[in-house]
Colleague: 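I have a structure here, written as structure tokens, and I will follow up with some questions on it.
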Amino acid sequence: MNSISQIYSQSQGYSSGSGQAGGPQVHLQGRLNTIKNRIRTTSDIIEQAVQSCTVAAIDLGYLDEDERIAEVDQALRKLLDAQHELEVEEGLLSSLATDADPDTAIEGYTANRTRSLQKYSSLSDNRKYGNNAKYRNFRQQIWDIKHEGEPMPSLFSGTDQGRDDDDEDEDLVIAGARMNYKCPLTASWLTDPVTSKVCKHSFSNTAITDYIRSNGGSYPCPVGGCRHRIRLQDLYADKVLERKVSNHLRRLEEEESAATYTLVQ
């Protein structure tokens with residue numbers, strides 16, 4: 001935070017006659033944008049770490065390593081806490097450039113930052129993580145290993161001692177859904193799967209890439225009933241889904257081998 005204060009004060013004292021076009025306000029905005037870009041880069045790294053945690057938990061789930069899954073769970077929560085702090089920082093930085101008084105700006109930044117982080121820290125685990133899409137997806141992937149198609153119970157019901165008054169309304173049971181591991185375009189098993197950030201539908205990488213390029217770089221999602229358009233930049237490599245497909249195929253192979261062995265017997 002000291003670096004934020006120094007950047008702000010230096011930029012406010014920056015003379016418009018020092019040869020820099022646009023004066024101190026433009027200089028300040030440039031410095032703050034640099035910080036925001038660093039925050040976004042860090043956030044992207046956290047996103048990758050979240051995927052890695054989920055992939056690790058899936059592997060551990062197949063091995064019945066519940067204690068190690070709990071360790072990964074705690075690591076994921078720390079990542080989500082860090083991501084929340086970055087989101088707070090990015091939001092507060094935008095207000096700095098509009099305040100002409102350095103003292104007022106820094107005081108406001110410090111007070112708002114402290115208030116936001118204290119409020120988050122005081123929330124129950126249910127409020128911090130129970131409604132966080134990344135955490136719910138993490139727990140859903142683990143649940144599906146042995147209960148695919150069944151509704152997942154509330155994540156913190158009866159266990160979260162720091163509950164808020166309105167937590168009861170937010171302790172929802174996640175509806176079960178059997179995952180389809182085949183590409184909508186090829187009707188074959190997903191290979192090198194990518195998922196749309198816009199509509200959350202998944203495809204084999206080569207199939208959807210060829211599909212989009214052959215249709216001018218942007219085209220309606222090929223999944224029936226979906227109204228979203230898909231572009232290449234909307235797709236991300238879904239390592240979690242890739243691991244689930246691999247484990248699913250391995251499980252099918254084991255079941256087939258077991259059935260064959262039974263018939264032979």
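FYI, the numbering just counts along the sequence from 1.
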Colleague: Would you say D210 and S214 are linked by a side-chain donor-acceptor pair, where the criterion is simply a distance under 3.5 Å?
Modeller: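 Per modelled atom types, S214 and D210 side chains form no pair under 3.5 Å.
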
Colleague: Rounded at 0.5 Å granularity, tell me how far CG in L86 sits from CG in D81.
Modeller: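 So the CG of L86 and the CG of D81 are separated by 11.0 Å.
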
Colleague: If you draw the axis of the six-membered ring of Y129, does the NZ or CZ of R139 fall within 45° of it and under 6.0 Å from the ring centre?
Modeller: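 Judged by the rule (NZ or CZ under 6.0 Å from the ring centre, within 45° of its axis), R139 is not positioned above Y129.
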
Colleague: Please determine whether a side-chain nitrogen of the Lys or Arg among K146 and D64 lies less than 4.0 Å from a carboxylate oxygen of the Asp or Glu.
Modeller: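 D64 and K146: salt-bridged.
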
Colleague: When you compare the side chain of H248 with that of W189, does any pair of heavy atoms fall below 4.5 Å?
Modeller: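 Side-chain contact under 4.5 Å: yes.
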
Colleague: Using side chain to side chain contact (heavy atoms under 4.5 Å, CB included), reason through T209 and R213 one step at a time and then give a plain yes or no.
Modeller: CA-CA 6 Å; T209 299; R213 287 175 176 167; 3.5 Å; yes

Colleague: Under 3.5 Å, side chain of S52 to main-chain N/O of Q48, donor-acceptor pair present?
Modeller: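 Yes; at least one donor-acceptor contact below 3.5 Å.
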
Colleague: Run the salt-bridge test on D73 and R77 with the 4.0 Å N-O cut-off and return the result as yes or no.
Modeller: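 Salt bridge between D73 and R77, a charged N being under 4.0 Å from a carboxylate O: yes.
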
Colleague: Is it the case that one hydrophobic cluster holds both V55 and W143, taking links as side-chain heavy atoms less than 4.5 Å apart, direct or via other members?
Modeller: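 They do not share one cluster, since no chain of ILVMFWY contacts under 4.5 Å joins V55 to W143.
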
Colleague: Does E67 CD have over 12 foreign heavy atoms under 6.0 Å away?
Modeller: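 Atom CD in E67 is not crowded, with 12 or fewer foreign heavy atoms closer than 6.0 Å.
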
Colleague: Is the number of heavy atoms from other residues, nucleotides or ligands under 6.0 Å of R68 CZ greater than 12?
Modeller: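 Open: at most 12 neighbouring heavy atoms sit under 6.0 Å from CZ of R68.
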
Colleague: Does S218 use its side chain to pair, donor to acceptor, with the backbone of R231 at less than 3.5 Å?
Modeller: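 Between the backbone of R231 and the side chain of S218 there is no qualifying donor-acceptor contact (under 3.5 Å).
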
Colleague: Identify the two heavy atoms, one from H228 and one from C199, that lie closest to each other, and give their separation to 0.1 Å.
Modeller: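 Scanning both residues completely, I find the closest heavy atoms to be CD2-CB, 3.5 Å.
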
Colleague: Applying side chain to side chain contact (heavy atoms under 4.5 Å, CB included), run through Y62 and R251 and close with a yes or a no.
Modeller: CA-CA 10 Å; Y62 279 101; R251 184 166 53 189; 4.0 Å; yes

Colleague: Who clusters with I208? Use side-chain heavy atoms, under 4.5 angstrom, across I, L, V, M, F, W and Y, and order the result by chain and number.
Modeller: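 Grouped by the 4.5 Å side-chain rule, L185, V194, F203, Y211, I212, Y219, V223, I230, L232, L235 form the rest of the cluster around I208.
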
Colleague: Does E242 form a salt bridge (charged side-chain N to carboxylate O under 4.0 Å, His left out) with K239? I'd like the steps, not just the answer.
Modeller: CA-CA 5 Å; E242 182 177 23; K239 297 301 181 184; 3.6 Å; yes

Colleague: Could you pull out the closest heavy-atom pair between Q141 and T54, with the gap in Å?
Modeller: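 Nearest heavy atoms, Q141 then T54: CG-CG2, 3.7 Å.
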
Colleague: Find out if a path of hydrophobic residues (ILVMFWY) with successive side-chain heavy-atom gaps under 4.5 Å connects V50 to I69.
Modeller: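 Shared cluster, yes.
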
Colleague: Is there a donor-acceptor pair under 3.5 Å between the side chain of T114 and the backbone N or O of A111?
Modeller: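 No; judged by distance alone, with no hydrogens or angles, the pair does not exist.
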
Colleague: Look at atom CD of Q74 and say whether more than 12 heavy atoms of other residues, nucleotides or ligands are closer to it than 6.0 Å.
Modeller: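 Yes, because the 6.0 Å sphere around CD of Q74 holds more than 12 heavy atoms from other groups.
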
Colleague: What distance do L92 atom CG and E90 atom CD have between them, rounded to the nearest 0.5 Å?
Modeller: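 The CG atom of L92 sits 10.5 Å away from the CD atom of E90.
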
Colleague: Ignoring hydrogens, what is the shortest heavy-atom contact between D238 and Q51? Give both atom names and the distance.
Modeller: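 Here D238 and Q51 meet closest at C-OE1, 4.0 Å.
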
Colleague: Working to the nearest 0.5 Å, report the span between CG of L241 and NZ of K244.
Modeller: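 Those atoms lie 8.0 Å apart.
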
Colleague: Per the salt bridge (charged side-chain N to carboxylate O under 4.0 Å, His left out) rule, what does the pair list look like for residues 43-59, sequence neighbours excluded?
Modeller: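 Found E47-K134, D59-R243.
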
Colleague: Side chains of L93 and I39, heavy atoms from C-beta outward: is any pair under 4.5 Å?
Modeller: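 When only atoms from C-beta onward are counted, I39 and L93 do touch, with a gap below 4.5 Å.
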
Colleague: Quick one: OG on S116 to CG on N112, what's the gap to the nearest 0.5 Å?
Modeller: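 S116 atom OG to N112 atom CG measures 6.0 Å (nearest 0.5 Å).
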
Colleague: Using 4.0 Å as the upper bound for N to carboxylate O, is an ion pair formed by E89 and K36?
Modeller: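 Between E89 and K36 there is no salt bridge, as every charged N stays at least 4.0 Å from the carboxylate O atoms.
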
Colleague: With a 3.5 Å distance limit and no angle check, can you tell me whether T41 reaches the backbone of N37 through a side-chain donor-acceptor pair?
Modeller: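 Yes, because the side chain of T41 sits within donor-acceptor range (under 3.5 Å) of the backbone of N37.
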
Colleague: Examine V240 and I142 and state if one hydrophobic cluster contains both, with Ile, Leu, Val, Met, Phe, Trp and Tyr joined whenever side-chain heavy atoms are less than 4.5 Å apart.
Modeller: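 Each belongs to a different hydrophobic cluster.
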
Colleague: Ignoring hydrogens, what is the shortest heavy-atom contact between C183 and A207? Give both atom names and the distance.
Modeller: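 Smallest heavy-atom distance, with atoms named: SG-CB, 4.2 Å.
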
Colleague: Does the side chain of C226 come within less than 4.5 Å of H201's, by heavy atoms?
Modeller: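 In contact.
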
Colleague: So how far is it from L155 CG to Q140 CD, rounded to the nearest 0.5 Å?
Modeller: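 Reported to 0.5 Å precision, the distance equals 9.0 Å.
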
Colleague: Report, as yes or no, whether the 6.0 Å neighbourhood of atom CZ on R38 holds more than 12 heavy atoms from other residues, nucleotides or ligands.
Modeller: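 At most 12 heavy atoms, drawn from other residues, nucleotides or ligands, come within 6.0 Å of this atom.
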
Colleague: Which atom pair, heavy atoms only, marks the closest approach of I145 to I58?
Modeller: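 Minimum heavy-atom separation between I145 and I58: CD1-O, 3.4 Å.
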
Colleague: How long is the straight-line distance from CD of E85 back to CD of Q83, given to the nearest 0.5 Å?
Modeller: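 It is 12.0 Å, given to the nearest 0.5 Å.
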
Colleague: Start with the C-alpha distance between V72 and F138, add both sets of side-chain angles, then the distance that settles side chain to side chain contact (heavy atoms under 4.5 Å, CB included), and finish with yes or no.
Modeller: CA-CA 10 Å; V72 177; F138 170 82; 3.9 Å; yes

Colleague: Where is the tightest heavy-atom contact between N180 and L190, given as atom of each residue plus distance?
Modeller: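 Scanning both residues completely, I find the closest heavy atoms to be O-CD1, 4.4 Å.
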
Colleague: Among residues at least two apart in sequence or on other chains, which ones pass ring pair (Phe, Tyr, Trp, His ring centres under 6.0 Å) with H84?
Modeller: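 Ring pair (Phe, Tyr, Trp, His ring centres under 6.0 Å) check on H84 returns Y120.
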
